[in-house]
Participant: 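Take a look at this one; I'll ask things after.
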Amino acid sequence: AQTPKMKVAGVHASPVENAWNSRLHGAMQKAAEDGLIDYVFSEGVSAGDYPRALREYAEGGAQLIVGEAYAVEAEARQVAADYPDTAFLMGSSGEPAGENFGTFGTWNHEAAYLAGMLAGQMTKTGTIGSVGAIPIPEVNMVINAFRAGAMEVKPDVKHLVGFIGTFFDPPKAREAGLAQIDAGADILYGERIGTADAAKDRGVKAVGNMVDYTPRYPDTVFANAIWNFDPLLRLAMADKAAGTPTAKNYTPLSLMKQGGNDILFVDSMVPAEALAVMEAKRKAIKDGSFTVPIDTAEPK
Amino acid sequence: MTAVLDILASVGLWAAVLRIATPLIFGTLGALLSERAGVLNLGIEGIMTFGAMIGWLTVYQGGDLWLGLLAAASGGALFGLLHAGMTVSLGLSQHVTGLGITLFASSLSYYVFRLAVPVAGSPPTIEPFQPIAIPVLSAIPFLGETLFRQTAPTYLALVLALLLAWILAKTPLGLAIRLTGENPHAAEARGLDPIRIRYGAVVAGSALMGLGGAFLTLSAFNSFFPTMIQGRGWISIALVVFASWHPGRALFGALLFALFDAFQLRLQPIAGGLVPYQVFLMMPYLLSIAALVVVARKARVPQALMRPYLRGER
Amino acid sequence: MSASSAPNEPAGATPALSLAGITKRFGTFAANASISLDLAKGEIVALLGENGAGKTTLMNILFGHYTPDEGSVWVDGRRLPPGRPKAAIEAGIGMVHQHFTLAPNLTVLENVAAGTQGLLSPRLDEARVRRRLTDLSDRFGLAIDPGRRVGDLSVGEQQRTEILKALYGETKILVLDEPTAVLTPAEAEGLFSTLRRMAAMGLSVIFISHKLHEVLSAADRVVVLRGGRLVGERRTGETSREELAELMVGRRVERPVRARSAPGPVVLEAKDLTLLREGRPLVRDASFTLRAGEILGLIGVSGNGQSDLARLLFGLERPSAGTLTLLGRDITAEPPRARILAGIGRIPEDRNRDGVVADMNLWENAVLERIREPRFSRLGLVRRKAAKAFARHVSETFDVRGGTPDTRIRLLSGGNVQKMILGRTLDPAPAVIVAAQPTRGLDEGAVAAVQAALLKARAAGTAILLISEDLDEVLQLADRTLAIHAGRLSDPVPTEGLDARRLGLMIAGEPANAGPSGTVSA
Amino acid sequence: MIVERRASRPLALVLLAPVAAIAAALCLSGILIALAGAPVLEAFGRIATGAFGSRLSATETLLRACPLILTGLAAAVAFRARVWNIGGEGQLYLGALATVALGFSNPLGLPGPLLTVLLMAAGALAGALLLLGPLALRLRFGVDEVVTTLLLNFVVLLVVSLMVEGPLKDPLAFGWPRSVPVLADATLPKIVARSRLHLGLLLAIGAALLVWFIQSRSTFGLESRATGLSPEGASFAGVPLRRTLLKVGFLSGGLAGLAGAIEVLGNRLYVSTDLSPGFGYAGIVVAMLAGLNPLGAVLAAIFAAAMFVGSDSMGRALGVPSFIADVTVSLCLLTMLVALFFSTYRLRRERPA
Ligand SMILES: Nc1ncnc2c1ncn2[C@@H]1O[C@H](COP(=O)(O)OP(=O)(O)OP(=O)(O)O)[C@@H](O)[C@H]1O
Ligand SMILES: Nc1ncnc2c1ncn2[C@@H]1O[C@H](COP(=O)(O)OP(=O)(O)OP(=O)(O)O)[C@@H](O)[C@H]1O
Ligand SMILES: [Mg+2]
Ligand SMILES: [Mg+2]
């Protein structure tokens with residue numbers, strides 16, 4: 001007999017086109033296609049409405065609720081406390097809480113580091129740039145890792161940083177990218193979507209973040225610092241099914257050795273020697289002999 | 001200091017200025033046209049959103065880019081018709097109606113978008129307008145690289161600004177529009193139909209607003225996504241005031257604002273936030289308020305702005 | 001048709017203009033009821049009638065501002081489509097509106113040119129407009145600089161602009177709605193001689209006026225409206241002022257007459273009051289005294305500062321110089337409510353705009369100007385019972401009909417509104433009443449009631465300043481009369497022995513005792 | 001076709017107009033719901049249960065109504081006196097900002113309830129002062145306040161952004177741009193267990209009663225109404241226009257500022273740039289729906305909140321995109337505007353003679 005499917009709800013603060021949300025959304029859609037879960041979701045849920053959406057799903061019998069607690073840390077924990085039968089898996093910068101409030105961080109800094117290594121070897125001007133949303137730890141972390149990776153292979157590399165002040169404004173990210181190209185950058189790390197458009201306009205190269213942007217910008221995006229939500233989701237589902245407490249930090253599943261993040265690149269666009277250096281480091285990260293430092297300070 | 005000068009001397013900055021200014025030029029011209037006839041259209045933010053959505057959707061469904069612009073203009077015009085119906089025919093409060101239309105048009109855009117485009121991982125794209133290097137002119141150093149390597153809608157915006165300036169200042173139609181905005185009773189006494197003129201101005205103005213939105217999805221970017229107008233409509237309302245209702249000055253104001261923005265983005269990587277970016281973003285609003293104070297004393301505001309005109313009332 | 005100036009037309013010739021059976025209702029109220037009227041080529045017709053008789057409405061229908069409910073307009077035998085000013089203009093009708101229809105921010109040229117050229121033509125032909133303007137100025141002596149901003153023009157120049165606008169097209173019929181209301185008698189005479197010249201060139205003219213002497217001297221024919229109906233039509237040569245007056249009001253006019261009285265001590269004294277607006281003097285060095293138990297009449301052509309003087313006395317504006325003393329107390333700087341408390345009762349010129357808040361109730365309007373007095377409020381809260389009782393009392397005493405204290409004022413008729421205003425002012429009787437145009441636009445019954453109330457207050461010792469454009473009213477009520485011209489007051493003269501002609505001279509700024517029959521002194 | 005004021009307003013018409021408006025709005029959004037492939041009638045049912053069907057939904061509806069009542073009052077008070085305050089959103093944010101700025105610490109050691117009251121007063125004052133600027137510009141220079149109050153909304157939002165990324169930034173928020181929270185002592189208590197509904201709702205209703213009393217019973221109410229209906233008439237009657245308008249502005253801005261203070265103290269505890277999903281603008285909707293009546297504003301706010309919360313929940317349940325909630329609310333506004341118009345005016349076809 002078939003086990004009943006688990007009821008999973010996604011509560012997205014942004015529209016699900018937003019790269020980060022799309023990773024969560026995609027992973028849950030995939031699980032639904034695999035016949036493992038029933039997936040329902042809300043998007044564009046503002047902070048004021050967020051706790052209500054959580055509660056409605058909890059009251060509606062969702063067994064696992066996936067979302068983001070960043071803007072509503074206290075309220076989300078309160079909701080979890082009120083609905084002990086539901087597991088919560090929340091993107092958060094905070095700690096797990098109670099019995100059922102699990103958290104995760106978006107750690108694709110390892111992939112960003114590797115991308116930085118490629119960028120450092122490939123830049124001709126010696127200047128690279130990163131365009132981020134706003135300087136929160138998760139954003140800072142990848143940008144710092146990207147720079148660190150570049151610096152490892154090219155210690156004198158110049159790294160520009162721009163923040164667009166909002167999480168979703170591609171035209172603005174594009175302008176920020178163009179500004180960096182004007183300032184000499186020839187490889188852009190697009191923490192935010194829109195950055196690669198600038199690179200495409202000016203015929204320089206770009207690195208994507210979180211999602212695989214190569215199909216969208218062929219010939220421009222040569223590498224992506226991918227983040228996979230699947231391992232986190234699958235573990236949380238397993239925990240919930242097995243009745244193990246879900247109030248834990250799922251972040252380690254984001255690590256490369258767990259398959260949580262990785263670099264995705266286009267062979268033909270990357271020089272072989274650069275690739276070799278990067279691949280060596282990738283192996284070191286996977287086998288644990290190298291740890292990419294975590295630096296959440298605001299990059300300057 | 002030299003860094004600042006470098007930025008100001010860079011081609012990229014000035015090219016960006018035109019690009020950032022384009023949606024504002026469309027929006028400002030649209031709002032200006034409608035206000036010149038005496039109707040404030042606070043529906044602009046929503047109308048731009050709808051234009052961005054419907055223009056993009058048209059192209060996404062296989063339409064030509066120009067068809068997309070046409071769809072955006074028509075969509076804007078339809079909301080303009082709604083605004084005119086409520087404020088010109090019925091004389092309802094212009095700002096309340098306008099805010100209602102903003103709320104309606106933007107939420108409707110998101111809704112229709114979500115229905116029409118199944119949720120995908122990253123926003124689906126279209127092939128946007130490409131920059132056109134105008135032969136000969138684009139070879140001029142500096143000027144050619146900034147002014148003459150833009151996409152078609154940017155050229156369209158510049159042409160429209162000049163055209164509207166011409167129409168308002170030099171043609172009988174422009175005079176009729178101005179007279180209607182100053183005193184609709186006087187217009188009627190000259191055998192003009194203030195109601196039709198207001199309808200025309202609001203509908204045409206809203207079409208321009210729709211184009212401004214579409215620029216964002218068909219040229220500045222290649223996807224639509226909610227909240228993408230990001231207050232550009234409100235900035236346009238401010239710029240109209242700043243420009244004291246002159247298309248030429250509106251063009252200047254839009255470029256000035258875009259210069260702030262482009263400059264600020266370029267200053268950030270080197271200055272690292274000596275001045276918080278919010279201060280730059282506040283400038284257009286504060287300058288507009290200041291401009292209003294100056295302008296109000298000169299009574300340059302169209303005198304019948306926001307005054308409903310109902311036939312046969314006195 | 002008057003033989004003097006209108007060319008003789010063969011009987012049955014098509015009239016230049018013909019109004020046929022025009023009816024126009026606003027709601028249930030008929031502003032025009034089956035009015036028919038013809039105008040011959042080169043003829044000057046005057047339209048006469050009291051305020052609200054429907055004159056402007058009729059002209060608005062003729063020009064296409066309003067669509068008639070019944071009836072039609074014909075020009076040269078062709079029917080005009082209703083409700084289309086453009087069609088009227090194209091048919092050769094030009095109209096000078098009672099309230100100017102000008103855009104102050106535009107130039108004279110722009111105001112005139114608007115609507116005269118095809119909306120789709122790529123360029124406004126300014127040269128053509130200029131040529132036409134020069135041509136018109138030459139022909140009719142209406143010179144004006146086309147480049148000037150209309151907002152910077154004087155009232156007379158603005159009117160000239162209006163006339164140029166009306167004449168701009170191939171105008172065959174000129175309509176002027178109260179063109180002389182803002183002119184002095186001399187200026188008015190100038191205008192009429194222009195009109196006669198135009199008529200001699202074949203232009204047909206309809207003008208509206210309240211002034212009988214103007215009508216008699218300038219027009220060939222007079223048409224009288226009353227209550228929306230055409231009640232009479234006379235050749236000017238074959239009628240008299242008395243007949244026209246009677247036609248206008250519908251019956252022999254019998255108004256209260258003032259009894260002799262001995263004025264008491266000085267109650268109100270104005271000394272050198274001056275009011276400047278944007279540097280322009282509106283009232284200059286106005287001085288007068290007002291005694292208990294007398295009525296002082298103030299006459300003048302509108303626009304000469306009487307409204308501004310009233311605003312100074314009402315406390316709506318501070319004088320730039322001068323003092324105002326009430327019962328020995330300097331009230332120059334006192335705001336309206338302090339003045340009311342000190343004993344000034346006020347009747348505004350425009351009762352619908354200033355006198356009341358049309359969308360508030362009768363009781364609220366009755367007490368609004370005294371709401372802060374303990375009689376009507378306590379601790380910032382309105383004493384509704386007392387207020388309503390007061391409103392009821394006013395309504396009963398002054399015969400305010402058509403509503404209870406809870407009725408919206410908008411629903412009351414003009415006369416009843418005026419009686420309410422008078423009633424709230426007179427309870428209790430103040431030391432001084434400043435009454436601006438207190439009977440303007442009222443029907444005859446209401447006029448008599450208002451006048452009687454004023455005379456009664458006078459008898460009780462109240463001092464009254466009566467500002468009126470109705471010279472007969474002033475002759476009838478005032479003990480002394482003074483005139484205001486260009487912001488300056490003349491010396492007051494006893495009304496005994498004055499006549500309308502003398503008052504006319506005073507209005508024009510000439511001293512009353514300089515006339516040939518000048519036997520009176522101040 | 002000409003517009004004509006009705007000679008009288010039959011009661012049936014006055015009562016029927018809002019009902020017709022809501023019906024029309026629901027019909028229109030029904031079409032959109034059907035386009036999404038959802039059963040329309042069931043959707044309407046879900047809207048109702050989503051708004052009031054359970055303790056959760058009812059308390060959430062009332063929670064959302066709370067700031068709307070206050071911003072609705074702010075708009076109603078101002079519009080009554082023809083002060084076109086479009087700046088409710090900015091006033092709300094400034095009120096919230098002031099509350100947090102003064103309420104994250106308690107250097108004087110004030111007792112909690114007193115602190116709460118003072119913080120609400122501070123929030124209200126901040127909102128009030130923000131409206132006085134545009135009003136002063138109007139009175140001094142004749143600058144129309146529609147545009148100035150609108151523009152200030154964006155300025156204030158940027159100020160908030162600046163503060164929450166700068167001086168007021170919460171060091172414990174992991175870089176997330178939001179302010180430090182107000183002291184727990186100062187927060188408003190919840191009034192329904194296991195819900196987010198807080199005392200602010202009762203305060204908002206109290207404010208509505210107070211405003212109603214002021215407007216209908218006080219000399220200031222009478223004078224401000226007169227000012228709005230006819231500035232000329234009011235000033236002839238000696239109503240000090242400037243002072244009255246300033247008082248109206250103070251009250252209106254204060255109410256909007258109070259909305260921000262209460263939202264912080266009762267619900268959110270800190271301020272961020274997403275504190276309000278447009279409560280200030282929605283307040284204008286509420287005021288119009290209420291016909292500018294203060295007590296009506298309570299009902300209209302609850303109605304608008306219910307429409308939003310109900311539609312939101314319906315969208316979740318039936319897979320209709322959640323944007324339907326805003327579509328429905330805005331449709332209600334537009335249809336209501338038209339309906340109110342037709343209860344006062346009518347269109348008359350001009351008889352082609
Ligand atoms: N648009 C309108 N709506 C409602 N009532 C109107 C309108 N226009 C005129 N009336 C009413 O019709 C009547 C006639 O007005 P009209 O302006 O024709 O008078 P008039 O004879 O020109 O008076 P006056 O000498 O004061 O100019 C008045 O009672 C007026 O209130
Ligand atoms: N139109 C009304 N609608 C509702 N209640 C009313 C109305 N008029 C008066 N009342 C109520 O009637 C009661 C007494 O009326 P009101 O306060 O007007 O008396 P008052 O004349 O002011 O008395 P006092 O001299 O004691 O102040 C109050 O409770 C008041 O609220
Ligand atoms: Mg008239
Ligand atoms: Mg009482």
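Convention: sequence-line order gives letters A, B, ...; per-chain numbering from 1. These figures come from a predicted structure and were not determined experimentally.
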Participant: To the closest 0.5 Å, what do you measure between OG (Ser29(D)) and CG (Leu108(B))?
Facilitator: 11.0 Å
Participant: What residue in Ser106(B), Ser107(B), Ala105(B) has the most heavy-atom pairs under 4.5 Å with chain D?
Facilitator: Ser107(B)
Participant: Counting only non-hydrogen atoms closer than 4.5 Å, does Leu40(B) touch chain D with its backbone (N, CA, C, O), its side chain (CB onward), both, or neither?
Facilitator: side chain
Participant: Angle between ring planes, Tyr281(D) versus Trp234(B), binned at 30° and 60°: parallel, tilted or perpendicular?
Facilitator: parallel
Participant: List the atom of Gly100(B), the atom of Leu333(D), and the distance in Å for their closest heavy-atom pair.
Facilitator: CA-CD2, 3.4 Å
Participant: Less than 4.5 Å to any heavy atom of chain B: does that hold for the side chain of Ile86(D), its backbone, both, or neither?
Facilitator: side chain
Participant: Which atoms of Ser93(B) come close to chain D, meaning under 4.5 Å heavy atom to heavy atom: side chain ones, backbone ones, both, or neither?
Facilitator: neither
Participant: What part of Val241(B) is in contact with chain D, defined as an atom under 4.5 angstrom from a non-hydrogen atom: side chain, backbone, both or neither?
Facilitator: side chain
Participant: Which atoms of Met282(B) come close to chain D, meaning under 4.5 Å heavy atom to heavy atom: side chain ones, backbone ones, both, or neither?
Facilitator: both
Participant: In terms of heavy-atom proximity below 4.5 Å to chain D, should Leu82(B) be classed as side chain, backbone, both, or neither?
Facilitator: side chain
Participant: Can you find a pair of side-chain heavy atoms, one from Tyr285(B) and one from Leu158(D), that are under 4.5 Å apart?
Facilitator: yes
Participant: Decide yes or no for Ile289(B) and Leu152(D): does some side-chain heavy atom of the first lie under 4.5 Å from some side-chain heavy atom of the second?
Facilitator: yes
Participant: Would you compute the distance between atom CZ of Phe341(D) and atom OG1 of Thr97(B) and round it to the nearest 0.5 angstrom?
Facilitator: 11.0 Å
Participant: Measure Val146(D) against the heavy atoms of chain B and call it side chain, backbone, both or neither at under 4.5 Å.
Facilitator: side chain
Participant: Look at Asp326(D), Leu157(D), Val327(D) and state which one has the largest set of heavy-atom pairs under 4.5 Å with chain B.
Facilitator: Val327(D)
Participant: Would you mind checking which part of Leu137(D) comes under 4.5 Å of any heavy atom in chain B, side chain (CB onward), backbone (N, CA, C, O), both or neither?
Facilitator: side chain
Participant: Count the heavy-atom pairs under 4.5 Å between each of Leu162(D), Val320(D), Ile324(D) and chain B, then report the option with the highest count.
Facilitator: Leu162(D)
Participant: Take Val96(B) and Leu337(D), measure what side-chain contact (heavy atoms from CB on, under 4.5 Å) needs, and give me the verdict at the end.
Facilitator: CA-CA 9 Å; Val96(B) 176; Leu337(D) 281 174; 4.0 Å; yes
Participant: Please check if the number of heavy atoms outside Arg346(D) that lie under 6.0 Å from its CZ is greater than 12.
Facilitator: yes
Participant: Once you round to the nearest 0.5 Å, how far does CE of Met288(D) lie from CG of Leu92(B)?
Facilitator: 8.0 Å
Participant: Quick one: what part of Leu305(B) sits under 4.5 Å from any heavy atom of chain D, side chain, backbone, both or neither?
Facilitator: neither
Participant: Would you check if the side chain of Tyr111(B) reaches a backbone N or O of Leu32(D) as a donor-acceptor pair within less than 3.5 Å?
Facilitator: yes
Participant: At their closest point, which heavy atom of Val155(D) faces which heavy atom of Leu286(B), and how far apart are they?
Facilitator: CG2-CD2, 4.0 Å
Participant: Is there a side-chain contact between Leu90(B) and Tyr345(D), using heavy atoms and a 4.5 Å cut-off?
Facilitator: no
Participant: How far does NE2 of His95(B) sit from CZ of Phe79(D), to the nearest 0.5 angstrom?
Facilitator: 4.5 Å
